[in-house]
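Sequence positions, counted from 1, serve as the residue numbers for this chain.
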Amino acid sequence: MTHQKRRKNMRNVAIIAHVDHGKTTLVDALLKQAGAYEFKDGETAIMDSNPLEKERGITILSKNASFIYKGIQFNIVDTPGHADFGSEVERILRMVDGVLLLVDAFEGPMPQTKFVLKKSLELHLKPILLVNKLDRPNVRPHEVADMTFDLFCELNATDEQLDFPIVYSSGKEGTATLDLDEESSDMKPLLETIIRRVLPPIADPSLPFQMLVTMLDYDSYVGRIAIGRVFHGKVSVSDQIALVRRDGSIGKGKVTKILTYRGLNRVEAKSAEAGDIISLAGIEDVNVGDTLSACDNPKGLPTIKIDEPTISMNFSHNTSPLAGKDGGRFLTSRHVRERLEHEAMINVGIKVEEVDGGERFKVSGRGELHLAILIETMRREGYELEVSPPEVILKKAGDGILEPVEELVIEVEPDYQGSVMQALGLRRAELNKMQNSAVGTIRLEYVIASRALIGFRSDFLLMTRGSGIMYQNFLEYQKYKGDLPSRQKGVMISQSGGKTVAYALFNLQDRGEIFIHPGDEMYEGMIIGASNKGYDMTVNAIKGKKLTNIRASGSDEAIQLITPREITLEFALEFIELDELVEVTPKNIRLRKRFLTENERKTVKRSKQ
């Protein structure tokens with residue numbers, strides 16, 4: 001084997017971790033250390049630029065940052081920690097030569113730690129373990145390092161991968177050390193470890209140009225932008241290059257723009273060479289997994305395997321009587337189609353198919369959160385939608401049917417253990433492991449069908465009074481588990497349109513939980529609450545009190561209403577049944593029956609009998 005040339009002045013590293021273990025805060029600390037970004041007072045998590053990321057405190061989209069330390073260019077890629085964004089993680093790892101595995105010094109490895117680590121070990125990347133958040137109380141760094149070593153063994157890491165260095169850090173305080181007995185004042189020990197342990201990228205500028213497209217972006221001025229790492233050769237603006245598609249067909253195009261990273265910003269460059277992570281414009285029909293190469297040597301690089309979607313929902317434009325009254329700007333099925341096609345082009349984890357002659361669209365993704373983020377993003381952009389309940393995607397295998405199954409890890413206080421185990425037992429979950437944690441909670445590990453988890457999160461939070469922690473992670477497809485219990489409650493359905501009246505809601509609140517406030521607009525067929533009975537009931541929420549000229553003693557005092565439940569998108573998607581929809585507008589999230597009038601609902605019910 002010939003000796004491969006490496007670009008000594010560069011390191012390409014991905015940061016992988018479970019949700020909320022401190023990846024983005026760590027990038028802040030590295031950028032400060034290298035002086036690559038001017039932080040304003042109080043500014044943190046600057047990689048989470050998307051407003052949804054800021055609100056939820058999680059990374060949804062992978063992002064790149066670049067800085068120079070000791071004359072070496074570091075390209076750092078922040079990846080999502082949530083398995084629902086797994087397609088992002090898989091692609092990103094193809095651009096780097098090493099990974100920084102972040103583990104919380106208190107919590108230890110979690111299901112998504114296992115997910116992201118497994119992906120990086122399969123690609124033979126060299127890991128560095130970073131035990132982070134040393135500033136937390138009750139930390140147990142040595143125990144966490146041992147637990148992570150066990151996880152490496154469980155995932156069949158090679159001897160070389162098991163020989164990983166351990167760095168202890170606090171991203172918040174901007175310190176890192178190789179030895180807990182030694183004080184540290186900066187992040188230099190971590191940067192030095194990356195220089196020593198992560199190999200420089202293989203890069204031979206004399207070979208013909210080749211670049212694997214791992215992400216796409218879109219700009220209304222320059223069109224599609226291909227993002228990826230240059231594996232071989234050089235490329236310059238105005239070069240004619242070949243597009244080698246995943247199916248082997250070949251197209252051509254001209255490079256109109258090259259962008260590289262400086263700090264967090266993209267800056268224009270005239271050329272790029274092997275080892276660089278770049279954005280390149282000019283190739284209009286490029287897709288993720290395609291290869292851009294020299295015209296005289298159009299050869300494709302190994303394509304990216306992306307996990308299949310496991311959950312689907314139907315999207316359509318809003319057809320409710322209140323459509324267009326909530327500030328929405330995009331109201332037609334054409335608008336919805338164009339937006340979903342754009343999303344499917346950029347986000348390879350999502351698939352879009354037409355249903356009912358183009359009036360509805362079946363959108364498939366990697367999990368409930370994956371699709372909920374898309375709905376929330378569209379809502380903020382001014383779209384009005386109707387969304388059906390999430391359904392798992394089943395597969396046929398021989399005579400049987402397979403369904404997606406997840407690993408579920410739950411941490412609860414001992415007082416709530418019984419009710420949680422009972423609820424999961426009803427959902428046919430299999431308990432694999434139970435252990436006491438260092439902080440007095442009980443950790444339960446289950447294998448459970450994905451469809452059994454739809455709607456469980458809100459029940460779980462009620463059961464544990466908000467103190468329980470729950471993580472899930474797609475495991476594999478297994479044999480169909482049979483029927484599962486459905487929602488136990490019926491719903492209260494409005495029998496007419498108009499504004500709700502406090503007096504009517506006061507009389508309804510004994511029958512169940514109310515979802516709307518006095519004065520809210522509603523329409524016939526809209527769901528205004530959950531009834532305690534196991535069946536649906538049609539109710540009148542606009543009925544006022546009959547007034548007389550006699551004052552009744554004590555009964556005219558102010559009506560005391562129980563605070564209605566706040567309808568979040570997650571709750572709505574988990575709550576609805578197959579004959580119901582979620583209406584999503586820029587200002588409101590409402591629940592409704594698919595068929596709005598009682599006569600329509602009775603006709604459909606009779607036709608099914």
Side-chain angles (χ1 to χ4, degrees), residues 19-20 24 43-63 78 80 82 84-85 87-88 215-220 225 264 311-320 322-350 352 360-361 363-390 457-458 515-517 520-521 565-576 581-592:
V19 177
D20 200 28
T24 309
E43 195 174 19
T44 57
I46 49 164
M47 289 284 266
D48 284 348
S49 50
N50 173 324
L52 268 176
E53 295 179 313
K54 282 188 160 65
E55 278 170 34
R56 292 167 183 254
I58 61 171
T59 300
I60 295 167
L61 304 167
S62 302
K63 291 172 224 58
D78 186 13
H82 204 287
D84 280 14
F85 308 109
S87 56
E88 288 271 331
M215 289 193 287
L216 284 180
D217 203 345
Y218 186 82
D219 184 293
S220 50
I225 298 172
L264 290 172
I311 277 191
S312 70
M313 292 180 198
N314 286 337
F315 286 44
S316 69
H317 66 290
N318 188 7
T319 60
S320 94
L322 296 178
K325 294 181 180 176
D326 268 358
R329 292 182 297 129
F330 305 108
L331 307 172
T332 66
S333 56
R334 181 179 63 83
H335 285 135
V336 174
R337 175 197 281 111
E338 285 171 0
R339 178 65 181 82
L340 290 174
E341 284 172 351
H342 176 78
E343 187 67 26
M345 176 185 87
I346 289 173
N347 184 347
V348 289
I350 277 181
V352 178
R360 287 192 296 153
F361 306 92
V363 182
S364 308
R366 286 284 296 151
E368 243 179 304
L369 180 65
H370 194 196
L371 295 178
I373 292 290
L374 171 59
I375 297 165
E376 183 65 39
T377 305
M378 289 177 70
R379 172 190 174 201
R380 290 176 184 218
E381 289 169 357
Y383 288 83
E384 290 199 11
L385 307 166
E386 282 171 1
V387 190
S388 71
R457 188 177 291 275
S458 47
F515 296 164
I516 56 175
H517 296 80
D520 282 358
E521 281 282 352
R565 175 190 271 274
E566 187 192 347
I567 301 293
T568 62
L569 185 58
E570 278 83 356
F571 168 77
L573 293 174
E574 290 178 348
F575 180 79
I576 58 171
L581 298 168
V582 181
E583 176 190 346
V584 182
T585 73
K587 291 181 183 169
N588 286 298
I589 292 171
R590 302 184 185 97
L591 307 180
R592 56 164 283 184

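- Minimum heavy-atom separation, Glu384 to Gly324: OE1-N, 3.0 Å.
- Note that CD of Glu338 is 11.0 Å distant from NE2 of His342, once rounded to the nearest 0.5 Å.
- Nearest heavy atom pair, residue Asn588 against residue Asp326, reads ND2-OD2, 3.0 Å.
- Distance check, rounded to the nearest 0.5 Å: CD1 of Ile589 to CG of Leu569 gives 4.5 Å.
- Among residues two or more places apart in sequence or in another chain, the side chain to side chain contact (heavy atoms under 4.5 Å, CB included) test is passed with His317 by Thr319, Ser333, Val336, Glu359.
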Side chain to side chain contact (heavy atoms under 4.5 Å, CB included) between Ile375 and Leu573, intermediate numbers included: CA-CA 11 Å; Ile375 297 165; Leu573 293 174; 4.2 Å; yes
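- Across every non-hydrogen atom of Arg337 and Phe361, the tightest pair is CB-CZ, 3.4 Å.
- Annotation: side chain to side chain contact (heavy atoms under 4.5 Å, CB included) contacts of Glu521 (sequence neighbours excluded): Leu322, Lys499.
- In this view, Phe315 satisfies the ring pair (Phe, Tyr, Trp, His ring centres under 6.0 Å) rule with no residue, not counting sequence neighbours.
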Full working for side chain to side chain contact (heavy atoms under 4.5 Å, CB included) between Leu385 and Ser316: CA-CA 6 Å; Leu385 307 166; Ser316 69; over 6 Å; no
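- Rounded to the nearest 0.5 angstrom, Leu371 CG and Ile350 CD1 are separated by 5.5 Å.
- Annotation: the span from Thr585 atom OG1 to Leu331 atom CG amounts to 10.0 Å, rounded to 0.5 Å.
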Worked check of side chain to side chain contact (heavy atoms under 4.5 Å, CB included) between Arg339 and Phe330: CA-CA 10 Å; Arg339 178 65 181 82; Phe330 305 108; over 6 Å; no
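- Across every non-hydrogen atom of Leu591 and Ala572, the tightest pair is CD2-CB, 3.5 Å.
- Atom CG in Leu374 sits 6.5 Å away from atom CG in Leu340 (nearest 0.5 Å).
- With sequence neighbours excluded, no residue forms a ring pair (Phe, Tyr, Trp, His ring centres under 6.0 Å) with His517.
- With sequence neighbours excluded, the residues forming a salt bridge (charged side-chain N to carboxylate O under 4.0 Å, His left out) with Arg592 are Glu386, listed by chain and number.
- Across all non-hydrogen atoms, the minimal contact from Ser312 to Ser364 is CB-OG, 3.5 Å.
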CA sep, side-chain torsions, deciding dist, call: Met313, Val582, side chain to side chain contact (heavy atoms under 4.5 Å, CB included): CA-CA 11 Å; Met313 292 180 198; Val582 181; over 6 Å; no
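- One N or O on the side chain of Arg329 and one on the backbone of Glu381 form a donor-acceptor pair closer than 3.5 Å.
- In plain terms, the two heavy atoms of Ile311 and Pro390 that are nearest each other are CG2-CB, 3.9 Å.
- Annotation: cation-pi geometry satisfied between Arg565 and Phe571 (NZ/CZ under 6.0 angstrom from ring centroid, within 45° of ring axis).
- Applying the side-chain hydrogen bond (donor to acceptor under 3.5 Å, both in side chains) test between Ser320 and each of Lys325, Arg590, Glu583 identifies Glu583 as the sole match.
- Residues satisfying the side-chain hydrogen bond (donor to acceptor under 3.5 Å, both in side chains) criterion with Thr568, sequence neighbours excluded, are absent altogether.
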